[in-house]
Amino acid sequence: MSATPPPPARANAKKELPEHFRDYKHVWVFIEAERGDVHPVSWELLGEGRKLADKLGVELASVVLGEPGEATKAAAAESFSYGADVAYLVEHPALADYRNESYAKAVTQLVNTHKPEILLLGATNLGRDLAGSVATTLLTGLTADCTELAVDADGSLAATRPTFGGSLLCTIYTLNYRPQMATIRPRVMAMPARDADRTGRIVPFTPDLAEDEIITKLLRFVPDRDSNKSNLAFADVVVAGGMGLQSAENFQLVKNLASVLGAEFGCSRPLVQKGWISSDRQIGQTGKTIRPKLYIAAGISGAIQHRVGVEGADCIVAINTDKNAPIFDFAHVGIVTDAIRLLPALTEAFRQRLSPHQRDRLAG
Amino acid sequence: MIEERFDAIVIGAGMAGNAAAHTMASRGLKVLQIERGEYPGSKNVQGAILYADMVEKIIPNFREEAPLERHLVEQRFWMMGERSHTGLQYRNDDFNEEKPNRYTIIRSQFDRWFSREVQAQGALVICETTVTELVSDAYGKVIGVRTDRAGGTIFADVVVLCEGVNGLLGTRARLREAPKPEHVALAVKEMHFLPRETLDARFNLHGDEGVVIEAAGVISKGMTGMGFVYTNKESVSVGMGCLVSDFAANNDTPNGLLEAFKNHPSIKPLLEGSEVKEYAAHLIPEGGYKTIPELFGDGWLVCGDAAQLNNAIHREGSNLALTSGRLAGEAIFQIKSRKDAMSKQNLALYKKLLDDSFVMKDLKKYKDMPALLHANSQNYFLAYPQLVSKAMENFLRVDGTPKLDKEKATIASFVKERSWTGLFGDAWRLARAWR
Amino acid sequence: MKILVCIKQVPDSAQIRVHPVTNTIMRQGVPTIINPYDLFSLEEALRLRDKFGGEVTVLTMGPPMASESLRKALAIGADRAVLLTDRFFAGSDTLATTYALAQAIRKIEQTFGKQDIVFTGKQTIDGDTAQVGPGIAKRLGLLQLTYISKIAECDPDKGEVVVERRAEGGVQVLKTAMPCLITMIEGSNDVRRGALGDTLRAARAEIVTWSARDAEIEDLTKCGLKGSPTIVKKVFAPAPRSEKAAFIEPGKNAAESADALIAAIFTRHPALEADMTKLASGL
Ligand SMILES: Cc1cc2nc3c(=O)[nH]c(=O)nc-3n(C[C@H](O)[C@H](O)[C@H](O)COP(=O)(O)OP(=O)(O)OC[C@H]3O[C@@H](n4cnc5c(N)ncnc54)[C@H](O)[C@@H]3O)c2cc1C
Ligand SMILES: Cc1cc2nc3c(=O)[nH]c(=O)nc-3n(C[C@H](O)[C@H](O)[C@H](O)COP(=O)(O)OP(=O)(O)OC[C@H]3O[C@@H](n4cnc5c(N)ncnc54)[C@H](O)[C@@H]3O)c2cc1C
Ligand SMILES: Nc1ncnc2c1ncn2[C@@H]1O[C@H](COP(=O)(O)O)[C@@H](O)[C@H]1O
């Protein structure tokens, strides 16, 4: 994927798939599991992969790597519930923790053996680390950080992603190489419904790996026990503040509202750059993508880089003093007023409205 | 501290600094130029109209390489009423000449190009480095500069201050006074981007032709100030500036004025649908001849805005900066060629060259203008424009009032507002200051 | 120690404009900067050099203008700069970029000696793929350490490094061997400001400029458009949402505005009230 807009030559490039790629079939999704926990982006991708597979009339397969044992098998089984027809189960002691060497080798071997047409991974640290190595080894194309996937009339994967800091989108193809690889941002694709009754076929695969040939060793894993770590990406309600709040102190107003709502709080990038808020709270292109049911943005202008991170929200509420602020172009509900004055009142009004007493009223 | 010594250190890579550095480097002097911006031009603000002659004297074939936007073929002077403007418009196809005289430019691009030319002449240019202080010897002679970087003192035979209008270094070193609020205007400027075709159609332009609108009148609410609209290739520069002292007295902000200017019914349609990028605020020295500080001393010279060399009446600044920078460079080169010291006495040559040039002659001609406009700003910038607008409306509206009555009403409105003596006084004062 | 840092000159995307009619990038006047993520890697490289001695080389592939970024890297403190520039590289995607950069690094090793560590940025702000680092590592057979927040230990004699790597649910402490490729995450260090002497040196430095031939890149079919498996077919501006926000009239005071706002939210999204009531009471 290049940074420069396409020269005309490339735009005309034709599909001429070489013979040796013609038997590459099916859609694969890499299931990212760390210490037994599957990253939700993997399920989101199965949902998306299902649509692509149906359109192409092929199977959807999950690729599950891990140490031999229950957790790995469980992840494979779970992948059926989210739509996979087949699960490639790759168990090996050297796959206990993610390391580039062992994972890249195993995935490359699997691809060369079972030949998928499309391989999708989450655009997480792990997914990006792995995808880059695998694609280079296979000498195929990889489109990073996609926000939209589609299948063209001729069956090619059209992967759309933001470019130039989000000001533009571009659609990228890997016409003449296989597999067509893409990484997709977490929370961009909707979580598919889980169907516990769905089952599928497990295909075990034994990679050619030996621990003593792997140079990188994991000395320790320090989990983020820090309870402060945000759960922003997966919160149902998010309240965020921007430069319109004017000071670090005023940001407390956002936290207060979030706490009354049981919501997560977030912010725009300048607040992180100013050191007011920690970077795991940043929403947007270079921060978290969120998909809450309700998003309240106070004093945020709605720059494109922020917008791309929140567009998936069901209801976006914007509070801004400038009626021409770009945020009103994509908010659902807007109010032109001073957030610093409105937030305390809003906090109080929500507190009353959502009080247990009110809850009884709703129930009754 | 750096061991190495330079013939000259130039502070600032704006118009004046680049002219000085280019002039000296091209004559073989060992020049160090220090700029605080991320790159030359990154912080520089101008309308911006560039006058070709003054660049030509430094880089004769600049038209072939420099990033120029449009050459100007049309000038509009607009006297603004509340919802009207009375205009004088001049367009001449002869301005479509082989070597046009005036261009619009974008400073960040032009300065960057200019600086590359300076470097090509062999000057050493460093950016993102701020000179914090002039370094003097025991006798008070300037011998170098201190910068905000580690190990940041460096020496030269002469230091050329081209630091722009704020002139902090000069003030700090007591070479000059800080400019007074009534001697500097604060201007704000926005770039409005439009597709080229739209822009051409809206302003009646073909190819690289450009137009300038200069506007005065009620838009400055009685303060001494003006608004402008300049066409670039794919954007329009829109700006507004007034004396700092007026802003303070009237409790007004430049942004407020600019907003109102952009929303004026004569301006708004020109900007319709544009995308605004870049907002800049910058000072302009407008005190004129009488506020020019000491221009040279032992081991130092000052050029451009830092020396208040700016002709506010004609909206000229960059050309004075270019010329003063060039003359500073020539003076230093001459002194150096004679192997003379960079003493105050020898550097007086710079002042002499300046006096002989259009720079000092023009500024001298208008020496009384700034004070006059400032003292009578209510009349010149509010009352008259309103009266003219009223008169024009009166003249054009066909409503059955006999023409003679209309004329009388117009004259009466002028006299009522200003009285006969006031009117003649204003006219006389203006004429005298212009002379 | 010999350390190589790949940097890229990128347009400052904060200042990019899209042509309203043609939907193409208007490059005119957009300033270019060193990709901000690369600076964290450069700083880390300089720290290792300062500690163990040696030299830091910066490498970029790009148009001749990219030498400006190299000069900036020198002003920050790098010792040598190499610019790889050739029209054959135009239109490279990540695979083609990694081919050219890997070849150039081989040539650098022949010319200036074996590199112990190659750094790249975590990702660029224009391409934004985070693939070039892993791609170079793969092509050169370097061990790959991405998203590093700290280089905890480094022993050039034994050729060992211990790093802390940001993983999804925590931090991995990894031990590996040099030569390796490292990408640092943002905020992992404070990028220094070079001394005045560095800026003077940088302004004068000669930038080693190589064409494809100079870098002994023989297989030009692997470069540029030809060598790029991905094809950008369409670049377009995000579709504007057709309807603007429903504006709520502010009330006489903040309390009234708040009530009006809440009413509007719950009228438009009726299901929200029940969900939020549950959430608010911590259920
Ligand atoms: C490569 C790149 C990546 C980026 N990534 C991100 C990212 O991930 N996330 C992100 O957020 N940004 C990102 N940005 C930055 C982005 O371009 C904007 O600069 C940023 O989102 C602006 O933040 P803001 O809206 O808080 O501040 P501003 O743009 O300063 O807007 C403040 C807003 O508050 C309003 N306001 C002022 N006072 C009040 C008041 N009292 N009450 C209510 N409203 C008020 C103003 O009208 C204005 O609309 C990125 C930029 C680049 C170049
Ligand atoms: C809105 C506006 C419109 C204008 N329109 C026109 C016009 O149309 N035509 C025209 O001819 N003139 C115009 N002018 C005036 C013109 O811009 C100035 O007269 C001209 O730029 C002066 O050049 P200079 O080199 O003296 O100063 P500047 O161009 O301001 O350059 C000073 C340089 O010094 C650097 N610097 C300052 N302090 C330090 C330090 N301590 N260390 C290192 N570097 C330092 C600055 O970063 C800057 O690069 C306009 C001005 C404004 C504000
Ligand atoms: N043209 C290039 N020249 C040198 N380094 C590059 C180039 N492109 C990318 N890189 C390096 O690879 C990293 C990741 O880039 P990307 O894969 O585009 O996100 C960047 O941070 C740079 O360190």
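Naming: A, B, ... by sequence-line order, numbering from 1 per chain. Please read these numbers as outputs of a predicted model, since none were measured by experiment.
When each of C/Ala246, C/Gly227, C/Ala271 is scored by its heavy-atom pairs under 4.5 Å with chain A, the top score falls to C/Ala246. Residue with the most contacts toward chain A among C/Leu143, C/Asp259, C/Thr98, C/Thr124: C/Leu143 (heavy-atom pairs, distance under 4.5 Å). Taking A/Lys217, A/Glu32, A/Lys323 one by one and counting their heavy-atom pairs under 4.5 Å with chain C, the maximum is reached by A/Lys217. In terms of heavy-atom pairs under 4.5 angstrom with chain C, the leader among A/Gly334, A/Ala158, A/Ala345 is A/Gly334. Looking only at heavy-atom pairs under 4.5 Å with chain A, the residue among C/Ala137, C/Ser257, C/Ala260 that has the most is C/Ser257. With chain A as the partner, the residue from C/Ala130, C/Ala255, C/Ala96 showing the most heavy-atom pairs under 4.5 Å is C/Ala130. Among the candidates C/Ala245, C/Cys180, C/Pro134, the residue making the largest number of heavy-atom pairs closer than 4.5 Å to chain A is C/Ala245. Here A/Ser133 is the residue among A/Ser133, A/Ala135, A/Ala159, A/Ser279 with the most heavy-atom pairs under 4.5 Å with chain C. Per-residue counts of heavy-atom pairs under 4.5 Å with chain C were compared for A/Glu101, A/Arg341, A/His39; the largest is that of A/His39. Put simply, of C/Ile262, C/Leu145, C/Thr176, C/Thr146, the one with the most heavy-atom pairs under 4.5 Å next to chain A is C/Ile262. Of all the listed residues (A/Thr160, A/Thr174, A/Asn125), the one sharing the greatest number of non-hydrogen pairs under 4.5 Å with chain C is A/Asn125.
C/Leu272 touches chain A through its side chain: at least one heavy atom from C-beta onward sits under 4.5 Å away, while N, CA, C and O do not. Neither the backbone nor the side chain of C/Tyr99 comes within less than 4.5 Å of any heavy atom in chain A. Contact annotation for C/Val132: neither backbone nor side-chain heavy atoms come within less than 4.5 Å of a heavy atom of chain A. Interface residue A/Tyr177: only side-chain heavy atoms are found under 4.5 Å from chain C.
Here the straight-line distance linking atom CG of A/Leu142 with atom OG1 of C/Thr129 works out to 7.5 Å at 0.5 Å rounding. Here CD of C/Glu168 is found 5.5 Å from OG1 of A/Thr124. Values are rounded to the nearest 0.5 Å. With rounding to the nearest 0.5 angstrom, the CZ atom of A/Phe350 is 4.5 Å from the CD1 atom of C/Ile265. Separating the CG atom in A/Leu175 from the OG1 atom in C/Thr230 is a distance of 10.0 Å, to the nearest 0.5 Å. Note that CD of C/Glu249 is 10.5 Å distant from OG1 of A/Thr337, once rounded to the nearest 0.5 Å. We find the OH-CZ distance between C/Tyr147 and A/Arg128 to be 5.0 Å, quoted to the nearest 0.5 Å.
When every heavy atom of A/Val333 is checked against every heavy atom of C/Arg268, the shortest pair comes out as CG2-CD, 3.6 Å. Summarising the geometry of C/Gln131 relative to A/Thr143, their closest heavy-atom pair is NE2-C, 4.2 Å, with the distance given to 0.1 Å. For the residue pair A/Ile215 and C/Ala177, the shortest heavy atom distance occurs at CG2-CB, 3.7 Å. The heavy-atom pair separating A/Val336 from C/Pro250 by the smallest distance is O-CG, 3.4 Å. Residue A/Thr140 comes nearest to C/Pro229 through the heavy atom pair C-CG, 3.7 Å, listed as atom of the first residue, atom of the second, then distance. Shown here for C/Leu95 and A/Thr136, the closest heavy-atom pair between the two residues is CD1-CA, 3.8 Å.
Side-chain contact between A/Leu139 and C/Lys138 is absent, with no heavy atoms from C-beta onward closer than 4.5 Å. Side-chain contact between C/Val162 and A/Leu219: present, with at least one pair of heavy atoms (C-beta onward) separated by less than 4.5 Å. Side chains of A/Phe221 and C/Leu174 form no contact here, defined as non-hydrogen atoms less than 4.5 Å apart. Considering only heavy atoms from C-beta on, A/Val237 comes within 4.5 Å of C/Met276 through its side chain. Taking the side chain as every heavy atom from C-beta outward, C/Val232 and A/Tyr173 never approach each other to under 4.5 Å. Between A/Leu218 and C/Val173 there is no side-chain heavy-atom pair separated by less than 4.5 Å. You'll find the side chain of C/Leu261 reaches within 4.5 Å of the side chain of A/Leu342, heavy atoms only. In this structure, the side chains of C/Asp275 and A/Lys293 come closer than 4.5 Å at one or more pairs of heavy atoms.
With A/Arg161 contributing its side chain and C/Asp128 its backbone, the two residues share a donor-acceptor pair below 3.5 Å. Between the side chain of A/Glu34 and the main chain of C/Gly169, a donor-acceptor pair closer than 3.5 Å is present. Using a distance-only test at 3.5 Å, with no hydrogens or angles considered, no donor-acceptor pair links the side chain of C/Gln172 to the main chain of A/Val222.
Between A/Asp129 and C/Arg165 there is a salt bridge, since a side-chain N of the basic residue sits under 4.0 Å from a carboxylate O of the acidic one.
Under the 3.5 Å distance criterion, with hydrogens and angles disregarded, no donor-acceptor pair is assigned to the side chains of A/Asp145 and C/Gln123.
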